[in-house]
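Encoded as C-alpha cells, the structure appears first; notes follow it.
None of these values were measured; they are calculated from a predicted model.
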Number of protein chains: 2
Amino acid sequence: MRRPTKSTAAAEAPRDFDGLRGLVLARAGDLPKKLAQVAAFALEHPDEVAFGTAASVAASAKAQPSTMVRLAQALGYSGYSDLQAVFRDRLREKVPGYADRLAALHAGKAAETGALLSAFAGAAIRSAQSLRERIDLAQLATAATVLTGARTLYLAGQRRSFPAVAYLSYVLAKLAVPHHLLASPAGIDAETLTLAGPEDALLAISFAPYAPGTLASVRVAHERGIPVVAITDSPFSPLVPSAAAWLEVIEADVEGFRTPSATFALAMTLAVSVAERRRVPLNRRRDR
Amino acid sequence: MRRPTKSTAAAEAPRDFDGLRGLVLARAGDLPKKLAQVAAFALEHPDEVAFGTAASVAASAKAQPSTMVRLAQALGYSGYSDLQAVFRDRLREKVPGYADRLAALHAGKAAETGALLSAFAGAAIRSAQSLRERIDLAQLATAATVLTGARTLYLAGQRRSFPAVAYLSYVLAKLAVPHHLLASPAGIDAETLTLAGPEDALLAISFAPYAPGTLASVRVAHERGIPVVAITDSPFSPLVPSAAAWLEVIEADVEGFRTPSATFALAMTLAVSVAERRRVPLNRRRDR
DNA sequence: GGCGTAATGGAATATATGTTCCACCAAGGG
DNA sequence: CCCTTGGTGGAACATATATTCCATTACGCC
C-alpha cells in the first residue's frame, strides 16, 4: 500500500471548475510533461471534456485514454468520470453570467472595460451571423473559382483591410499557394502588378473610405485583364464595377470602431477553399 | 416486419431543442400515457437528460430504461443516444440550429464553399462567446491600467498574431496614442526596445507555437523592467511568467484553421479603453 | 556511462450503458 | 366472456467505455 508518488497529493480534488483551473496552474510545474499537456488541453476545451469520452478527448489531445485517467488521479480524483463531473457541472450551473461578474467587480473602471469587451465580442458575433445569412452564394462560388484558376494570387488591402490580407498571406503561405502581398514599403505595388496577367488574379479588400492604393491596384488589374475578386462593404463601392466577383461584408461597430471578424472569416473561407480545390486540379483542368 | 405503430412517424426527428419541444407538444395526444409522461419529464429536466444515462433519467422519471428508448424511437430517433444528442447540443451552443443549416449546405458542390463559410462564421461566433464568458476581468482591468499608464506602447506579434498588432497600430494611430510596432524588416526590434523603459509598456500577442521574435521581445522587456501585457492561448504560455497582466484567448478552429476574431475583439477593447482613459490623464498624473 | 525510477503507450479487462427481447397486463371488440 | 392489440416492466444481451496492467521508453542520479 505504498503510493507516495506525490506525498503532497492527498486532500485535493476541487469540485468546481475555477478550483480545478487553479490546481492545475499551481501544479503545472511538478506535473509530468504529458499530463500537463492534456491538462492544458482540457482547460482549453472544456465542452469536449464534458461531453466526450475518455477515448475521444484523449485522441483530440493526442494522448492515450490511460493518460486521462492518470491525470484525473494525479489531481486527486478517483477516476476520469470523477474529473469529468467537474466539467459537466460547469455547463449545468448556468454560467455565472457575464453581467453578474461585472456587477461583482466594483462598478468602476474595471466594469467599463468589461462592458467594452462584451460590446466588441457582441459585434463580432453579429457580424459573423450577418455574414452567414446574407452572403451571396453564387458570387462566393464564382470568387472561389476565379481564385482557384489563378496562377499567382495578388492581395491588395490597406489601412483597416491590411490585417486581413496580411493574415491571408500567412495562411496561403502555409497552404503553399503562390501569391504576392501588395504592401511594398517602397511604393512599387503598381510595378509589381505589371508582372501579372490574365492567368493570375487579384483579391482586393477595401471599405469606405476606400484606400487610394487599393483602388489603384484594382484599376490597373482591370485594365490589364487580370480578374479581380473584391471584398467590400457596398454594392456601390468603386471596386465593384471592376470585379469579376464581389462579396459584401458588413461589420457591426462599437462606438464607431469596427472589428474585422466577418472579413477574416470570409477571407479564410476563400483561402481554404482555393487550397482544397487546387489539390486535385490538373486532370480536371484539361477540359479547357 | 409489421411496425405501423404510428404510420405518421416517419421523417421526423428534429435536431434542435425547440423543434423537439414542438414535436412532443403536437403529439402529446396520440402518445402512449407513459411515453407522454416521460417526454414531459425530459422537457422539464433537460440537463438531466443531457448528462445522465438512460437508466438514471428513467429512474428519475419513474420509468424503465426501455421506455426511454421507446420514446426516442417513437419520436423518430434511432435510439436514446440520438435523442440525447439534441439535449447536449442545446447546452453546447447557445445559438441552436446552425448545425442543421451547415448540414443542409453540405448537399451540393457549389455549396461546399458556403458550408466552409458557415463553419468559419460559426467558429468566430463561438470564439467571441467563449471570450465573453471566460475572460478574467481582473486581469483585463490590470492590463488596461498598465497600458494606460505607459508613455509609449510597444506592440509585438508575428505570424498569426501579426494582423492583430497591425490592426492595433492602425487604431492607436487614429486615436493618437503613441506607440511603436515591433515589425522591423531590418530585424532591429530588440534595438528599438532599448529605447523603452519602465514608464513604457509592451503588449505582446503570441500563440502556440510561439514565434521566437515575440518571445525575445518579451524577455528583453522583462529584463529591462518594462511592464508586459500578454495576450496568449494558455496559462502555460512562455509569455505568462514575464507578464504583469495576461489574457487568455481561445480561438475555435475549422479543420485546424483559426480565425483571430476573439483576439481582435480583445485587442480593440484594450485600445479603445486605453484611449478613453487617457483623455483625462494629465491632472491626475501630476501627483508624481 | 550504466543503473534505477518515473512516465508513457498500447492492449487486456472489468464495468457500465444502451438496446432488444419476452412475458405480463390493460383495454376494446367480437 | 374470450380474444386481440397495443403498452409496460424487467431481464438478457451486445456494445461502448473506463480502468488496469505490462512492456517500453525517457530521464535523472550515482
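Separating the CG atom of A:Leu71 from the P atom of C:dA7 is a distance of 13 Å, rounded to the nearest angstrom. Between B:Leu31 atom CG and D:dG6 atom P there is a gap of 15 Å when expressed in whole angstrom units.
Between B:Tyr210 and B:Ala208 the shortest heavy-atom distance is CE2-N, 3.4 Å.
When the shell of 6.0 Å around CZ of B:Arg159 is examined, it contains 12 or fewer heavy atoms from other residues, nucleotides or ligands.
Every residue meeting the side-chain contact (heavy atoms from CB on, under 4.5 Å) condition with A:Thr67, not counting sequence neighbours, appears here in chain and number order: A:Lys34, A:Leu35, A:Val38, A:Ala63, A:Gln64, A:Arg70.
Among A:Gln37, A:Glu44, A:His45, the single residue meeting the side chain to side chain contact (heavy atoms under 4.5 Å, CB included) criterion with A:Phe41 is A:His45.
Taking the six-membered ring for Trp and the full ring otherwise, the centers of A:Tyr167 and A:Phe264 sit less than 6.0 Å from each other.
In the model, B:Ser237 has a side-chain atom that pairs as donor or acceptor with a side-chain atom of B:Thr232 under 3.5 Å. Side-chain N/O atoms of B:Ser261 and B:Glu251 include no donor and acceptor closer than 3.5 Å. Using a 3.5 Å distance cut-off with no hydrogens or angles, the side chains of A:Arg277 and B:Thr113 do pair a donor with an acceptor.
Comparing the start and finish of the helix from C:dG1-D:dC30 to C:dG30-D:dC1, five pairs each, the helix axis swings through 10°, to the nearest 10 degrees.
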Could you run through nucleotides 8-21 of chain D and give me one letter per nucleotide, 5' to 3': B if any protein heavy atom sits under 4.0 Å from the base, S if only the sugar-phosphate is that close, - if neither? BBB------SSBB-
